[in-house]
Structure formats: C-alpha cells, structure tokens
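For reference, the structure is listed below as structure tokens.
The sequence lines fix the lettering, A, B, ..., with proteins before strands; numbering per chain opens at 1. What you see below is based on every heavy atom in this structure, not just the backbone, and it leaves out hydrogens, waters and symmetry mates.
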Amino acid sequence: METLMILVFLLPLVLATVLILPPSGSRLGLAIAPLAPLPALLLALGAPAGLTLDVPWLLLGSRYALDETGRVFLGFTGVVWLISGFYAHFYLAADERYRSFWAFFLVTQAGNLGLCLAADAASFYLLFALMTFAAYGLVIHTRSDEARRAGRIYLIMAVMGETALVMGLLMLVHGAGSHYVAGLAAAPVPAPAIWLTTVGFGVKVGLPLLHMWLPLAHPVAPVPASAVLSGVMLKAGLLGWLRFLPLGQAAPEVGANLMVAGLAAAFLAAAAGIMQRDAKVLLAYSSVSQMGYMTLAVGAGLVAPQHWPLLLPAVTLYAVHHALAKSALFLGVGVAKAYGGRSWVLAGQCLPALALAGAPFTSGMAAKLELKAALAGIAAPWGEILPWLLPLGALGTALLMARLLFLLSVESAHGGRRGLVLPWSVLVLLGLLPAWWALGERMLLASTGVVIAASWPLLVASVLAVAVIRLRLRSPILPAGDLVNLMERLFTFRRSTATLNAGEAPR
Amino acid sequence: MTANELLPLAVLASSLLPGFVIFALPESWITARTTLNLFGAITKLGLVFLLLAGVRGGEKYAVRYEVLPSLDLALKADALGLLFVTLSAILWLFTTLYAIGYLEKSPYRSRFFGFFSLCVTATMGIAMASNLFTFFIFYELLTLSTYPLVVHRGNDKAMRGGTIYLAYTLTGGTVLLSGIVWLHHLLGHTEFAHGGIAATLGAEYPLQLKIIFLLLIAGVGVKAALVPLHGWLPQAMVAPAPVSALLHAVAVVKAGAFGIVRIVYEVYGVEFAQSLNLLLPLAILASATIVWGSVRALFQDDLKKRLAYSTVSQVSYIALGVALFGPIGTIGGLVHLVPQGIMKITLFFCAGNYAETLGVHKVSEMDGAGRRMPLTTLAFSIGAFGMVGVPTLAGFISKWYLGLGALEAGMPWVLAVLAASSVLNAAYFLPVLYRAWFRPGPASWPEEHIAARGWRETSALLLLPPLATAMVVVLSGMFAASASSPLAWAHLITDREYLQWKP
C-alpha cells in the first residue's frame with residue numbers, strides 16, 4: 001500500500017519520460033498512458049485509513065499520507081484524469097504533437113494526484129509547482145498566437161502565485177517549527193502568512209483579480225486538458241487552502257475578505273460568462289463563479305471556526321460535484337464540436353448543467369443544501385445576507401447554463417473525432433452519483449419546500465431564456481480575460497513609449 | 001612529515017605538478033596532455049574523498065611552514081574548507097572534460113591547460129588556507145592565473161575585458177592586504193578559528209575593527225561581485241565558455257564568497273560581528289546585489305551576459321546567508337555554495353554548447369534550439385528552474401533555508417528580497433526556455449559548426465558534462481535530507497561553528 005502512494009506520482013512521471021524517448025520505445029507507453037491514474041484510484045477506494053509513508057531522505061524529509069479529505073480529493077481527481085485521459089487518447093489521435101501533449105499531460109497529472117497525498121509543506125509545494133509548470137505545455141499546445149498569449153499570462157500569474165505561496169509556507173513552517181502538515185495545524189499563525197498562502201493558492205482557485213489567466217487558458221487548451229484544468233486543477237488550490245490555512249482557528253479579517261471575494265467571484269464571473277460566445281470561455285467563467293462558493297465557505301470557516309466541522313464536508317462535496325459536472329461539460333463541448341448541436345448531445349449536457357444550477361435531486365442540490373446548512377446561523381451580517389444571495393447566485397448559474405446550451409445548440413458538426421462519446425457519457429453518468437453518496441435517502445425525503453427552492457431559479461431562467469430567444473435579444477460581448485486586456489493595453493503603451501529589451505519574447 | 005600533514009599538500013600538488021608539466025608539453029602532444037589533466041583531476045578527487053571521510057570522523061589535517069616569525073604559510077582541511085574543496089574538485093573534473101572538447105583544434109592549448117591547473121590549485125589553496133596571510137597569497141595567485149585564461153582569445157575585446165578584470169581584482173587585492181596587515185598589527189596573527197579571533201580584542205578597538213571589516217569585505221567583495229564592485233564580471237565574459245564556467249561556478253566568484261564566509265565566521269566570529277552591528281549592513285549590501293544583478297540580467301540579450309548578471313545576483317545569496325544571524329541562515333548560505341556552483345556551471349556549459357554547435361550567442365537567436373539540441377536544452381532548463389528555486393532542484397533547498405533563517409534572525413524583509421529574486425529569475429530565464437522549446441527554429445543557424453548525428457546533437461565531450469552536472473542539480477535537491485548531501489555537510493559545519501551559541 002505504501003508503495004502505491006509513491007506510484008501515484010511516479011507512474012505518470014515514468015510514463016512521461018518513456019514517451020519523450022525515441023518512437024520505438026514509446027509506443028507501449030502511449031498505449032498505457034491513459035491508465036496512469038489507476039494507482040490513485042486504487043488507493044482512494046481501498047487504502048486503510050491513516051496510511052502514512054515517511055521518506056526521510058527525500059527533499060527536506062517527505063511525508064505522504066492519506067486522510068479522509070485527501071482520499072476524496074484523490075478519488076475525484078483520479079476519476080477525472082482517467083476519463084479525460086481516455087478522451088484525450090481519441091481526441092488527439094491525429095494531432096502532430098500528441099507525444100508532447102501526453103508528456104505534459106502526465107507530468108501535470110503526477111503533480112495533481114501526488115499533492116492530494118503530500119503531508120509536508122515542501123512536498124506539497126513541489127507537486128503543486130510541478131503541476132503548475134507542466135500545465136503550461138497544455139495551455140500552449142496548439143502554438144497559436146492566442147495560446148501563446150494565454151500561456152504567457154498563465155505563467156506570469158503562476159510565478160507570482162508560487163512566489164507568494166513559498167513565502168507564506170516559509171512563514172507557516174517557521175511559526176510551527178515543523179514542516180509537516182500535522183504540525184502546522186496546531187501552531188498559531190502569523191497574519192502575513194495567512195494572506196500569502198491565501199493569495200498563493202488563490203491564483204489557482206481563481207480569486208477575483210487573480211482569475212484572469214483562467215478564461216484565456218481554458219479555451220485554447222485541447223478539450224481534455226481544459227476538463228482537467230477546470231475540473232480538478234482548480235481544486236488543488238482549494239486543497240492547498242484546506243491543508244495550510246488555519247481552519248478551525250479564527251482569522252476573521254482574512255475570512256471576511258475571502259467571503260466577499262467568493263461572493264464577488266460567484267456573481268461577477270457568472271455575469272461575465274453570460275457575455276461570452278465561446279462555450280469554453282463561458283465554462284471557464286462558470287468555474288470562477290463556482291469556485292467562488294467554495295471560497296465563500298472557506299472564508300466562513302475562518303470567520304466562524306465553530307462552523308468549520310460542518311463546512312468541511314460541505315466544501316468537499318461541492319468540490320466533488322463541481323469537478324465531475326464541469327469536466328463532463330468540457331468534454332461535452334468537444335462532442336458538440338464534433339457532432340454539432342444535436343439533441344442527444346444537448347440532452348447529455350443537460351445533466352451536468354442542471355447539476356451545476358442546483359436542480360432538484362442532483363449533486364448540485366445536495367452540495368448547496370449542505371453548504372446552506374453549514375452556513376446557517378453564522379454571525380451578522382452574513383447570517384442575514386446569505387439566505388438572499390445564494391438563491392440569486394443559483395439563478396445566475398441557471399442563466400449561464402441556459403446560455404451554454406444555446407451556444408452548443410447552434411454549434412455545427414466538424415466531425416472527424418471518434419471515441420469521444422463514451423468517456424463523456426461515463427463522466428456524465430458518474431456525475432449523478434455524488435448526490436446519493438453524500439445524502440443517500442435524505443435526497444428522496446427532501447421536502448417540497450426544498451424542491452421548490454431548488455426549482456424556482458431554473459424556472460425563472462428558462463422563462464428568461466425563452467423570452468430572450470423569442471425577442472432575438474443579443475447579449476453584449478465581453479472579451480475573454482476581461483481586466484487583463486486593459487492591463488495589456490496599458491503595458492503595450494508603456495512598452496512602445498520606452499524602448500525595452502530585445503530579449504523579451506515578442507507578442 | 002605525517003600523512004595528515006601530507007594530504008592537504010597532495011591535494012595542491014595534484015593540480016600544480018600536472019600544470020607545470022603541461023606548460024612544458026609541445027602543443028601537438030594531445031594524448032599526453034589529456035591524460036595528465038584527467039590523471040590530476042581524478043587523483044585530486046580521490047584525495048578529497050579521503051579528506052572528507054577523515055574530517056567527518058573528526059580527524060585533523062593541517063600543515064604549517066614559517067615564512068617569517070609570526071607569519072606562517074598554513075593549510076588545514078576543515079569542514080568548511082572541504083565543502084569548497086569538494087565542490088571545486090568535482091567541477092574541475094567536469095570542466096576539464098568540457099574544455100578538452102571545447103578547445104579541440106584551437107591554438108595555445110598547453111598554455112590554456114597549464115593556467116587552468118594553476119587556477120584550480122589556487123582555488124584549493126584558498127579553500128584550505130588557515131590564516132588570512134595564506135588566503136591572500138592564493139587569492140592573488142588566483143588573479144594572476146585566471147588573467148591569461150580570460151584573455152585567451154587574444155583579440156581586442158578579450159584584452160580590454162582582461163584589463164578591466166585585472167584593474168578590479170588587483171585593486172581589491174590591495175584593499176584586502178591593507179585590511180590583513182592592519183588586523184595583523186592589532187592581533188599579532190591572523191589564524192582562522194571557530195568563533196573568530198577578533199573577539200579577543202574585545203571592545204578595545206570597535207572603530208578600527210569596523211574599518212578593517214569594511215576593508216576585508218571590500219577586498220573579497222570584488223571577486224564576489226558585490227554591487228558596486230561587480231563591474232568586471234560582465235566584461236570577463238569574453239573568456240571561452242569553460243573559463244566562464246569555472247570563473248562563475250568555482251574559482252573566482254566563489255573564492256570571493258568563500259572569503260566572506262571565512263572572514264565573518266572565523267576571523268570576526270558571527271556573534272562578535274553581530275555585536276559590532278556588522279551583519280545588517282552586509283545583509284543589506286547582499287540584498288541590493290541580489291536584486292540589482294537580477295534586474296540587469298533582465299535586459300541582456302547576450303546569453304552569457306545574462307548568465308553573468310545572474311551570477312552577480314546568486315552569489316550574494318551566500319553573503320546573505322552569512323549575514324543572517326543564526327544557524328539556519330548559516331546553513332542556507334553555506335549550502336548555496338554548492339547549488340550555485342553546479343547550476344551555474346551547467347548553464348555556462350550549455351551556453352557554450354549553443355555557441356560552439358550552432359553559433360547562437362544571443363537569447364533572441366535561441367528560437368527552436370530545444371528541438372535541435374534537446375539534451376543541452378534539458379540541462380539548461382534544469383539549471384534555470386533551479387535558479388528560480390523550484391523544488392526538487394538544488395536551488396530550492398538554499399532558498400528554503402535562507403527564508404527560514406531570515407525569519408529566525410528577525411529579518412522578514414529578506415523574504416521580500418528572495419521573492420523578488422525568484423520572480424526576476426523566472427522573468428529572465430523562462431523567456432529563454434520558451435524560445436528554445438516552444439518557438440519554431442530558424443531556417444538555418446547562425447554558424448552551425450557541429451552537425452547532429454542521431455541522439456548526439458553535438459560532440460560527446462560537450463554534451464556529457466552539462467548532463468552530468470544537471471543530474472547533480474536534481475539529485476542534490478531531491479536527496480537533500482540524506483546523510484551525504486551538501487545540506488548534511490552544511491549542518492555539520494554549522495554545528496561546529498555555533499558550538500558556543502545558544503539561542
């Protein structure tokens with residue numbers, strides 16, 4: 001079992017190495033590459049609780065462990081990587097750079113799966129950085145101008161995030177006198193450390209203002225890469241927060257700011273998403289919006305530590321729900337582009353879309369119920385505001401999903417790619433599970449009030465959507481990446497006035 | 001003469017004697033020269049491992065020769081010196097191999113390898129000097145033996161670079177000498193010792209001791225390229241790639257940094273230096289150098305110049321670690337002697353490969369270099385990411401310890417310096433990697449000298465050294481916590497250094 005923990009990240013790394021060797025040796029590697037997340041899934045399903053592996057000679061003394069939160073993250077991360085891998089196998093079959101894609105895909109995967117197990121600050125940081133930097137290769141896979149631009153912005157923000165993160169971690173480790181996650185939890189935490197850690201992981205989570213790489217990177221990456229980026233890699237930032245923020249202790253200042261940031265992300269990103277023409281950009285904004293709810297919950301945990309025992313399972317369930325639904329939607333966009341906006345494609349996409357909007361008896365409703373229950377009774381002013389805001393947020397998501405289905409319905413068939421439908425359908429169906437896994441019979445016993453509360457945003461959204469289509473209203477268009485465009489313009493202006501170095505990469 | 005006295009001398013002789021013989025060899029005796037070079041390098045490495053085993057077990061190796069009463073030439077192989085000796089011996093072997101490949105068919109090779117060997121001898125002497133007088137002798141020998149290497153190509157640019165180099169380093173040497181003489185006058189001797197020797201003067205001469213500290217640090221600061229004494233380093237880039245590699249990773253710059261370590265720990269003593277308020281100014285100076293070097297590196301299109309400014313920045317990590325009062329900062333500074341050396345030597349080997357193989361000297365010419373030379377570019381990438389401080393590479397370990405050391409010393413602002421340096425390192429290295437890996441190559445390279453044959457993108461002697469050092473970069477970071485890592489050795493030194501110190 002302990003060896004399996006090493007295999008979780010070693011197997012993808014070895015496969016990636018095999019793949020970049022000369023062609024003769026790499027054929028086998030390519031054939032089994034989609035299976036690389038299997039050790040992770042085996043561990044998540046079958047490992048005994050409290051599995052720990054100490055590797056004292058590695059790095060600064062490494063520890064890998066499987067706790068319950070880690071098990072859930074490892075599980076859904078593994079599922080999404082596995083299915084996206086199979087999807088990628090077909091999606092990139094005719095791609096000239098499929099070997100480079102697979103190498104980056106596997107290294108990113110190694111980091112992402114491994115960090116679910118990392119139980120010391122240095123190992124977590126190592127695997128997080130590995131994931132971040134390797135994903136650059138996924139973002140710029142097509143080598144188009146947009147991809148290069150997205151890659152540059154991704155990298156700039158990633159370096160900023162990593163730097164803030166390592167400084168935050170250093171402060172945490174210094175304060176605790178130990179670099180093991182278990183040792184960090186007990187120690188009092190200096191405020192700058194909380195801020196730096198929040199911001200460092202916040203780049204990955206897509207906090208407002210740190211989110212700008214997201215709507216640029218997701219659409220340019222190949223579909224299976226977008227699925228893992230949006231579905232599970234954003235959750236790595238969330239897991240970072242869960243591991244390193246002093247949750248269970250009070251940090252009201254950071255907490256309140258996080259709650260505000262989460263709500264801002266939830267609403268503003270939904271609004272920005274509605275103003276998109278590209279389904280993948282829309283989905284990227286939807287991810288920022290959904291991560292906003294998880295940010296809200298983490299912030300609430302810092303504001304009101306006594307609520308954290310309830311908030312943690314709620315956040316975890318939300319993460320599972322969003323990971324499965326969002327990656328299914330991304331894979332579905334690829335299906336829609338291949339087969340056009342046919343009714344069976346739209347019907348399939350409806351399931352995860354409804355789940356995101358929190359429709360009755362979906363994982364979305366389960367996640368939102370848990371979140372509401374955990375937030376109930378939180379101190380003023382949040383206690384008064386949230387019951388009003390959360391349903392409005394659901395309405396925003398429902399409108400966003402309506403827009404998505406509309407965009408997909410007018411998609412024309414580009415054809416050509418076989419084998420995409422099966423992995424997509426599997427993921428869509430898997431998305432139905434978490435609701436029952438978390439709530440079981442409570443789902444069936446949901447009161448009419450709950451069902452109505454979950455339904456009305458959908459009804460309102462449907463009515464609005466039909467009205468918009470009937471009246472032939474057109475939404476204004478917001479350029480993907482929103483503020484970054486403004487910043488780039490300022491930067492270019494400064495660049496053209498002051499002659500800068502020739503060594504910089506040209507635009 | 002006992003074996004314990006003989007061993008340090010043998011370490012010196014293993015490069016000095018081959019050096020003398022090589023001077024005398026005719027230009028065309030390639031095999032004899034190569035054999036001698038490698039024989040010397042491998043013998044030295046063997047001797048160094050003997051020393052390492054002995055010192056770990058508590059053995060003392062020292063030898064002393066009285067020049068004048070109270071003025072001794074003295075060598076000792078202690079833990080601190082051995083860190084530098086080992087690094088130099090290993091990298092000398094790689095650089096020798098590389099230089100053999102690099103200078104193939106070029107003129108004046110006997111002269112080159114002769115001075116090359118002298119240069120390494122001087123470095124070993126600096127590492128093992130056990131008083132300031134001996135340190136100074138070898139320090140000047142280093143200046144004189146590197147000058148012919150810098151001007152090896154003999155063209156106008158090389159001569160100008162060499163003149164600037166001499167002007168800076170000889171001035172620095174004079175300043176250093178004046179500090180040493182002054183201190184000798186006050187103390188009557190300049191022997192290095194754990195915990196320092198200046199403390200015995202107590203509070204008698206605080207002002208004089210401060211001025212002497214300034215003179216000594218300024219003297220070695222020239223070679224360590226502390227801002228504003230760094231002007232020679234980018235000019236010395238005219239030297240052939242193996243020389244630049246040696247200058248930046250092992251010999252000159254590192255000798256300066258090592259001098260700072262000796263002066264702070266074994267002449268003044270870190271606690272006494274702290275009580276004289278000397279550490280904070282040093283930390284500020286080092287921080288300024290770190291940031292300034294990185295900022296200048298951003299604007300260099302010449303690849304070797306960019307690396308040179310990067311050295312200015314990275315070497316000051318060592319000075320910074322020394323200036324952080326407390327064992328963890330010390331570990332960070334000491335351990336960075338090693339990563340900085342192996343990462344920088346890797347980068348310079350690679351820069352040399354691009355120049356020799358493709359005629360690529362500029363960052364702006366590097367588009368597509370990764371496709372043409374994947375192994376070289378892989379090694380370059382490892383070195384670059386190490387410089388940025390990404391784990392598991394060696395640079396991460398020193399950054400981690402420096403950060404913790406800064407917090408321990410109550411100087412959290414140093415974290416901001418480290419953060420700025422990481423970001424700047426990323427800003428000047430990542431665009432290079434981006435060009436090499438992700439941009440399409442040109443129709444033809446500026447001057448393609450060596451054609452690719454199968455996996456051999458360039459000649460084997462050029463390719464293997466950077467691959468080997470890149471592997472060391474990975475391994476020394478990955479296995480940092482193991483008992484035989486540089487980190488473990490830095491712990492050993494620190495334990496011995498802070499014997500009296502209790503927090």
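Of the possible polar contacts, none joining the B:Thr458 side chain to the B:Leu463 backbone as a donor-acceptor pair under 3.5 Å is found. Remark: side-chain polar atoms of B:Ser313 are not paired, donor with acceptor, to backbone N or O of B:Tyr309 under 3.5 angstrom. No donor-acceptor distance shorter than 3.5 angstrom exists from the side chain of B:Ser421 to the backbone of B:Val417, with no hydrogens or angles considered.
Applying the side-chain hydrogen bond (donor to acceptor under 3.5 Å, both in side chains) test to A:Thr17 and every residue at least two apart in sequence or in another chain returns nothing.
For a residue to count as touching a neighbouring chain, one of its non-hydrogen atoms must lie under 4.5 Å from one of that chain's; by this rule B:Ala419 touches chain A with backbone and side chain alike. For a residue to count as touching a neighbouring chain, one of its non-hydrogen atoms must lie under 4.5 Å from one of that chain's; by this rule B:Leu303 does not touch chain A. B:Leu407 touches chain A through backbone and side chain together, each having a heavy atom under 4.5 Å away. Neither the backbone nor the side chain of B:Tyr428 comes within less than 4.5 Å of any heavy atom of chain A. If you measure heavy-atom distances from A:Leu170 to chain B, the contacts under 4.5 Å come from both the backbone and the side chain. In this structure, the portions of B:Val423 lying under 4.5 Å from any heavy atom of chain A include both its backbone and its side chain.
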Pair B:Tyr354-B:Thr377, side chain to side chain contact (heavy atoms under 4.5 Å, CB included): steps then yes or no: CA-CA 9 Å; B:Tyr354 292 129; B:Thr377 312; 2.9 Å; yes
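Per-residue counts of heavy-atom pairs under 4.5 Å with chain B were compared for A:Val159, A:Leu60, A:Leu155, A:Thr163; the largest is that of A:Leu60. Contact count versus chain A (heavy atoms, under 4.5 Å) is highest, among B:Leu487, B:Leu430, B:Leu404, for B:Leu404.
Each side-chain hydrogen bond (donor to acceptor under 3.5 Å, both in side chains) pair with one or both residues in residues 105-122 of chain A, not counting sequence neighbours, appears once here: A:Asp120-A:Ser123.
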